*Asks:* 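After the structure tokens below, expect a handful of questions from me.
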Amino acid sequence: GADAARIANVWRFNTVRIANYVGPNPWNNGSNIPAWRADRAYLHQIIAKFRAAGLVAIISTHDLLGRYTGPATVPSRTQIRDFWIETAQL
């Protein structure tokens, strides 16, 4: 809410980038549920707050170190594909 309004009204930005980790969930004691599946509702709450303030939210996917996906990275290209398919269906 308030942060999104500040970004739009004080900083006069019209777009925000949301860096999103996609891959195994390191915070769930060995769970193999990807973090983005566990936190999907929270991600959509963040997007809704930005949209309500008139901002465009761009979601970018990364591993834990901020690197983009590649042939030997976690998340894999399959995990990235699944993220985008499932996110688009919501």
Side-chain angles (χ1 to χ4, degrees):
D3 289 336
R6 189 173 302 117
I7 291 168
N9 300 323
V10 176
W11 294 354
R12 299 208 176 272
F13 291 171
N14 63 358
T15 306
V16 293
R17 186 185 76 138
I18 302 169
N20 190 54
Y21 169 67
V22 176
N25 191 345
W27 304 282
N28 199 9
N29 295 326
S31 170
N32 62 357
I33 298 171
W36 59 269
R37 283 194 179 129
D39 298 332
R40 184 176 14 213
Y42 182 63
L43 175 61
H44 285 274
Q45 288 174 5
I46 293 169
I47 293 167
K49 287 180 182 181
F50 287 131
R51 289 183 71 196
L55 296 163
V56 174
I58 299 172
I59 304 167
S60 62
T61 56
H62 299 278
D63 67 5
L64 280 175
L65 300 175
R67 298 175 298 197
Y68 291 99
T69 187
T73 61
V74 174
S76 68
R77 288 183 176 148
T78 301
Q79 289 171 314
I80 295 292
R81 182 201 65 211
D82 292 347
F83 166 79
W84 288 117
I85 290 170
E86 291 185 27
T87 299
Q89 293 173 346
L90 295 175

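From a predicted model like this one, the values you see are computed outputs, not experimental measurements.
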*Asks:* Rounded at 0.5 Å granularity, tell me how far CZ in R6 sits from CZ in R12.
*Replies:* 14.5 Å
*Asks:* Can you get from L43 to W84 by hopping between Ile, Leu, Val, Met, Phe, Trp and Tyr side chains that sit under 4.5 Å apart?
*Replies:* yes
*Asks:* Measure the spacing between CG of L55 and CG of N14 and express it to the nearest 0.5 Å.
*Replies:* 7.5 Å
*Asks:* In terms of hydrophobic clustering (I, L, V, M, F, W, Y; side-chain heavy atoms under 4.5 Å; direct or indirect links), are V16 and F13 co-clustered?
*Replies:* yes
*Asks:* Which heavy atom of A8 sits nearest to which heavy atom of A53, and what is that distance?
*Replies:* CB-O, 3.6 Å
*Asks:* Which value, rounded to the nearest 0.5 Å, describes the distance between I18 atom CD1 and I47 atom CD1?
*Replies:* 5.0 Å
*Asks:* Find out if a path of hydrophobic residues (ILVMFWY) with successive side-chain heavy-atom gaps under 4.5 Å connects W11 to I46.
*Replies:* yes
*Asks:* Looking at every heavy atom in both K49 and A4, which two are closest together, and how far apart are they?
*Replies:* O-CB, 3.6 Å
*Asks:* To the nearest 0.5 Å, what is the distance between CD1 (I59) and CZ (F83)?
*Replies:* 5.0 Å
